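Before any comments, here is the structure.
Remember, predicted model here, so these are calculated numbers, not experimental data. As a basis for the values below, the full set of heavy atoms in this structure was taken, side chains included, without hydrogen atoms, waters or symmetry mates.
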Amino acid sequence: MTTNSLPGSSGISERVTNFIPSLKLFLSRLWDLFVNAVLQVRIWDSIYPGLMHALIFIGVTIQVLGTFVNLTQMPLFIPLLELPFPRGNGYLAFELVMDLAGVAILIGVIMALFRRLVLRPKIQETSWDDYYALIMLALIPIAGFTVEATRFVTTSPPWAPWSPVGNWLAGLMRSAGMTPETAIGLHRYLVYAHVILGLALAASIPFTKLRHLIYTPLNIFLKPRRKSSTLEKIEDIEETELLGVGKISEFTPQQLLSFDACVRCGRCEEACPVAFSGMAYSPREFIQAMRQLMQTNLVHPNGNGNQDEEILESQIPEETPWYCTTCGACLDRCPAFVNPIDEIVDLRRYQVLTTGKMPKSVGDVLRNMERQGNPWGMPPEGRISWTEGLEVRQLEPGDETDILLFLGCAYAFDERNKNVTRSIVRLLNESQVDYGILGLDEMCCGETSRRLGHEYLFQVMVEQNLEIFASIKYNRIVTPCPHCFNTLKNEYSQFGFQLEVQHLTEFLAEHFQKADFSPNGHGLEGRLTFHDSCYLGRYNQIYSQPRQLLSDAKIDLTEMSRKGEDSFCCGGGGGQMWMETDANTRINHRRLDDALKTNAEVVATACPYCLLMFDDAIRSKGLGDQIQVMDVAEVLVNQLGDDRER
């Protein structure tokens with residue numbers, strides 16, 4: 001006897017299978033909304049504005065909910081929507097909470113005015129709607145307290161002390177000679193004023209800064225679920241007609257929403273290394289310019305707007321997209337989760353893939369990658385020149401290994417980083433792990449081309465690399481380059497590549513715990529400070545492993561003031577490694593200043609770009625006798641001393 005599936009059972013199973021991921025995504029979005037829009041965890045990065053905003057937000061939320069409860073007690077809603085709450089002691093608690101909420105709003109407004117008028121932080125911008133919002137937020141609870149006070153003067157309820165502010169204000173009115181008859185006549189007009197103020201505030205939300213009350217939670221809920229370190233893939237790139245964004249109408253609805261979600265708080269600008277260094281770029285001004293274009297060309301198209309207007313020919317200079325280092329500091333700080341990097345890369349893609357208008361240095365780098373397969377423009381056969389005199393296994397198709405060491409272009413072609421590569425090999429050989437390199441078969445991972453806007457070249461390199469990876473057997477990839485690491489781990493998955501990828505410091509930190517590897521601490525003298533790479537730290541949360549390695553190597557580590565998630569960019573990311581920069585606005589000089597303030601003799605990095613940017617800053621300032629830069633691998637090899645065979 002055979003058992004057949006019930007008719008339609010496969011369809012039900014398929015719907016259930018599709019429903020579960022959708023449910024998980026929805027719940028994930030709800031959790032994000034709760035954490036970032038309700039609890040507003042990012043607001044608390046700065047205590048004063050965090051407390052100020054929390055008082056206003058909590059107070060307004062309670063007042064709105066309380067007003068809804070009050071409305072349900074009115075004849076218009078009874079019995080359809082009448083709530084059984086508040087009654088008895090619950091009503092007394094309700095009155096107390098509503099009064100305290102009004103006080104919280106007033107304290108928050110006072111703090112906001114004090115910050116704008118007295119403290120006046122540099123990052124803060126002020127426009128008419130800022131003061132409008134604060135004045136309205138203050139008038140509404142004041143009107144509410146006054147309404148409550150006139151009611152108390154008229155009725156003198158025994159529970160009045162449970163509304164302490166209204167009761168106190170009623171006492172002042174009685175002391176001033178107000179009679180119950182006067183209070184009851186005044187009460188009606190105050191109620192009207194209170195209602196009108198509330199309705200006016202609600203009606204003005206779309207036209208003032210208060211719009212963030214709606215748009216910010218929506219943006220948090222709808223933001224892309226991919227990691228902040230990854231860029232959006234252009235699907236079917238050989239067939240699609242839209243390569244990048246040249247017009248404001250070509251941004252996605254979510255991107256357009258994010259322009260309205262921006263509250264102009266300035267946290268992005270405060271964290272931005274480009275703005276800090278004095279370049280003509282601010283993420284806040286960029287997003288606000290995008291919003292202005294959206295308003296002019298999409299929201300009010302019947303006015304002076306032009307939906308076909310080129311973005312880079314109106315309010316945005318053509319060089320603007322090329323300032324960003326894609327360090328992620330702006331996105332990491334933004335409480336509204338606005339992501340300027342996505343828009344910057346979209347504009348770069350349009351310039352590179354559609355118009356061909358790009359800085360000469362960018363064109364040169366992309367040409368090097370197309371012709372030679374690396375941004376240095378070095379002949380591909382030079383990729384293994386660093387292996388001379390070293391015992392390094394070069395894998396062939398069909399070979400097996402535990403660790404596939406993916407070095408990346410910087411460690412293969414740059415002379416300074418070749419020294420680091422030799423140190424890496426020595427550490428792996430000392431560790432007696434089973435590893436191998438691809439040798440001449442290794443290709444650029446494509447990170448630079450993607451950040452510079454050449455998505456097509458990036459996708460070609462991904463396909464070539466995946467074909468090479470598939471020709472050998474290995475358990476995990478280890479790479480010393482954070483940019484390769486981030487791309488292989490987080491962006492290759494867009495093309496179906498799923499495998500464990502580790503940064504070298506992660507792998508070595510694991511290995512030190514398992515093997516007899518004891519640095520004797522005699523190789524390096526003086527103080528050392530460690531620089532957190534943006535793509536290793538901020539984007540991938542690898543902070544402890546490099547420090548653990550330095551600690552195990554008995555290093556005297558002193559930290560810079562800007563470290564960890566607050567680390568300052570070296571200035572080399574986003575393709576900036578190959579771009580020309582004004583000597584007066586170089587980001588790497590600012591970061592070197594941070595290191596000099598620690599009085600350290602050595603700056604340690606775990607990124608080839610960071611090493612080169614520090615090295616350039618040290619040489620430019622003529623400080624080679626005072627401070628030097630080394631990779632963590634070089635530091636560890638130095639700590640091995642000369643008592644072991646190199």
Practice problem: Check whether more than 12 heavy atoms from other residues, nucleotides or ligands sit under 6.0 Å from atom OH of Y91, and answer yes or no. | Solution: yes
Self-check item: Side-chain donor/acceptor of T448 to backbone N/O of G575, under 3.5 Å
Solution: no
Quiz item: Quick one: does M613's side chain get under 4.5 Å of I587's, heavy atoms only?
Solution: no
Practice problem: Using distance alone, with no hydrogens and no angle criterion, decide if Q576 and T325 have a side-chain donor and acceptor under 3.5 Å apart. | Solution: no
Quiz item: Between I62 and F57, does a side chain to side chain contact (heavy atoms under 4.5 Å, CB included) hold up when you go through it step by step?
Solution: CA-CA 9 Å; I62 292 174; F57 173 77; over 6 Å; no
Quiz item: Regarding R562 and the six-membered ring of F276, is the cationic atom NZ or CZ under 6.0 Å from the ring centre and inside 45° of its axis?
Solution: yes
Quiz item: More than 12 heavy atoms of other residues, nucleotides or ligands under 6.0 Å from CH2 of W162: is that the case?
Solution: no
Practice problem: Would you name the heavy atoms of S163 and E95 that are closest together and state the gap between them? | Solution: OG-OE1, 2.7 Å
Quiz item: Where do M290 and I316 land on the side chain to side chain contact (heavy atoms under 4.5 Å, CB included) test, with the steps shown first?
Solution: CA-CA 9 Å; M290 293 295 101; I316 308 297; 3.3 Å; yes
Practice problem: Return the minimal non-hydrogen interatomic distance between I214 and P217, and the atom names on each side. | Solution: O-CD, 3.4 Å
Quiz item: Measuring from T581:OG1 to N588:CG, what's the distance to the nearest 0.5 Å?
Solution: 8.0 Å
Quiz item: In terms of heavy-atom contacts, does NZ of K233 have more than 12 from other residues, nucleotides or ligands at under 6.0 Å?
Solution: yes
Quiz item: Going by atom types only, do Q292 and T296 share a side-chain donor-acceptor pair under 3.5 Å?
Solution: yes
Quiz item: Is there side-chain contact between I311 and L347, with at least one heavy-atom pair below 4.5 Å?
Solution: yes
Exercise. Compare all side-chain heavy atoms of Y132 with those of K209 and state whether any distance is below 4.5 angstrom.
Key: no
Self-check item: Q63 side chain reached by I105 side chain, heavy atoms, under 4.5 Å
Solution: yes
Self-check item: W128 atom CH2, over 12 foreign heavy atoms within 6.0 Å
Solution: yes
Quiz item: Which pair of heavy atoms, one from E506 and one from V501, lies closest together, and at what distance?
Solution: OE1-O, 4.3 Å
Quiz prompt | Quiz item: cation-pi between R42 and F337, 6.0 Å / 45° | solution = yes
Quiz item: According to the interplanar angle, ranging from 0 to 90°, do the rings of H483 and Y609 count as parallel (below 30°), tilted (30 to 60°) or perpendicular (above 60°)?
Solution: tilted
Exercise. Please tell me if the side chains of I140 and H194 come closer than 4.5 Å, counting only heavy atoms from C-beta onward.
Key: yes
Exercise. Check whether any side-chain heavy atom of L199 lies under 4.5 Å from a side-chain heavy atom of I196, and answer yes or no.
Key: no
Exercise. Could you tell me whether R226 and D342 make a salt bridge, using a distance below 4.0 angstrom between a side-chain N and a carboxylate O?
Key: yes
Quiz item: Among L549, V603, L550, which residue meets the side chain to side chain contact (heavy atoms under 4.5 Å, CB included) test with F530?
Solution: L550
Practice problem: Please answer whether the main-chain N or O of Y48 pairs with a side-chain N or O of S46 as donor and acceptor at a distance below 3.5 Å. | Solution: no
Quiz item: Do you know the tightest heavy-atom contact between L452 and R348?
Solution: O-CB, 3.9 Å
Practice problem: State, without any angle test, whether T252 and Q255 hold a side-chain donor-acceptor pair at a distance under 3.5 Å. | Solution: yes
Quiz item: What closest approach, in Å, do P317 and L312 show between heavy atoms, and which atom pair accounts for it?
Solution: O-CD2, 3.7 Å
Exercise. Check T505 against A606 and note the closest heavy-atom contact, atom names and distance.
Key: CG2-CB, 4.1 Å
Practice problem: Check R267, R333, R538 against D566 for a salt bridge (Lys or Arg N to Asp or Glu O under 4.0 Å) and give me the one that passes. | Solution: R333
Quiz item: Does a side chain donor of either E319 or Y323 reach within less than 3.5 Å of an acceptor in the other side chain?
Solution: no
Quiz item: Is the closest basic N to carboxylate O distance between D32 and K223 below 4.0 Å?
Solution: yes
Quiz item: Is it true that D130 and R264 make a salt bridge, defined as a side-chain N closer than 4.0 Å to a carboxylate O?
Solution: yes
Self-check item: D260/R291 salt bridge by N-O under 4.0 Å criterion
Solution: yes
Exercise. For atom CZ of R225, decide whether the heavy atoms of other residues, nucleotides or ligands shown that lie under 6.0 angstrom number more than 12.
Key: yes
Quiz item: Between the side chains of Y535 and T326, does any donor sit under 3.5 Å from an acceptor?
Solution: yes
Quiz prompt | Side-chain donor/acceptor of S277 to backbone N/O of P273, under 3.5 Å | solution = yes
Quiz item: Atom CZ of F485 and atom CG of L536: how far apart are they, to the nearest 0.5 Å?
Solution: 6.5 Å
Self-check item: Flag, side chain of D99 to backbone of V165, donor-acceptor distance under 3.5 Å
Solution: yes
Quiz item: Which word best sums up how the rings of F614 and H531 line up, parallel for under 30°, tilted for 30 to 60°, or perpendicular for over 60°?
Solution: perpendicular
Quiz item: Would you call K122-E270 a salt bridge at under 4.0 Å N-O?
Solution: no
Quiz item: Can you tell me if NZ on K597 sees more than 12 non-hydrogen neighbours from other groups inside 6.0 Å?
Solution: no
Quiz prompt | Carboxylate-amine/guanidinium contact E269 R284, below 4.0 Å | solution = yes
Self-check item: Non-neighbouring partners of L257 that pass side chain to side chain contact (heavy atoms under 4.5 Å, CB included), sequence neighbours left out
Solution: Y215, L218, N219, L222
Quiz item: Between R591 and F568, is NZ or CZ placed under 6.0 angstrom from the six-membered ring centre and within 45° of the ring axis?
Solution: no
Quiz item: Quick one: does T216's side chain have a donor or acceptor within less than 3.5 Å of a partner on A261's backbone?
Solution: yes
Self-check item: Gap separating the CZ atom of R115 from the CE atom of M52, nearest 0.5 angstrom
Solution: 5.5 Å
Practice problem: Please examine the side chains of N36 and Q40, heavy atoms only from C-beta on, and report whether any two atoms are closer than 4.5 Å. | Solution: no
Exercise. For Q351 and E318, test the side chains for any donor-to-acceptor distance below 3.5 angstrom and give the result as yes or no.
Key: no
Quiz item: Can Y539 and S228 be counted as having a side-chain donor-acceptor contact under 3.5 angstrom?
Solution: no
Self-check item: Validation row: E343, I287 side chains within 4.5 angstrom (heavy atoms)
Solution: yes
Exercise. Tell me, with the steps shown, if T558 and R527 meet side-chain hydrogen bond (donor to acceptor under 3.5 Å, both in side chains).
Key: CA-CA 7 Å; T558 179; R527 305 176 74 184; 3.2 Å; yes
Quiz item: Is there a side chain to side chain contact (heavy atoms under 4.5 Å, CB included) between L30 and F26 once you walk through the steps?
Solution: CA-CA 6 Å; L30 278 183; F26 178 74; 3.4 Å; yes
Exercise. Could you please spell out the steps behind the side chain to side chain contact (heavy atoms under 4.5 Å, CB included) verdict for C610 and S533?
Key: CA-CA 7 Å; C610 294; S533 160; 3.9 Å; yes
Quiz item: Between R451 and E491, does at least one N-O distance fall below 4.0 Å, as a salt bridge requires?
Solution: yes
Quiz item: Looking at F152 versus W159, is the centre-to-centre ring distance below 6.0 Å?
Solution: yes
Exercise. State, without any angle test, whether N490 and T230 hold a side-chain donor-acceptor pair at a distance under 3.5 Å.
Key: no
Quiz item: Between the side chains of R450 and T487, does any donor sit under 3.5 Å from an acceptor?
Solution: no
Quiz item: Distance only, no hydrogens: is a donor on one side chain within 3.5 Å (strictly under) of an acceptor on the other, for T585 and D582?
Solution: no
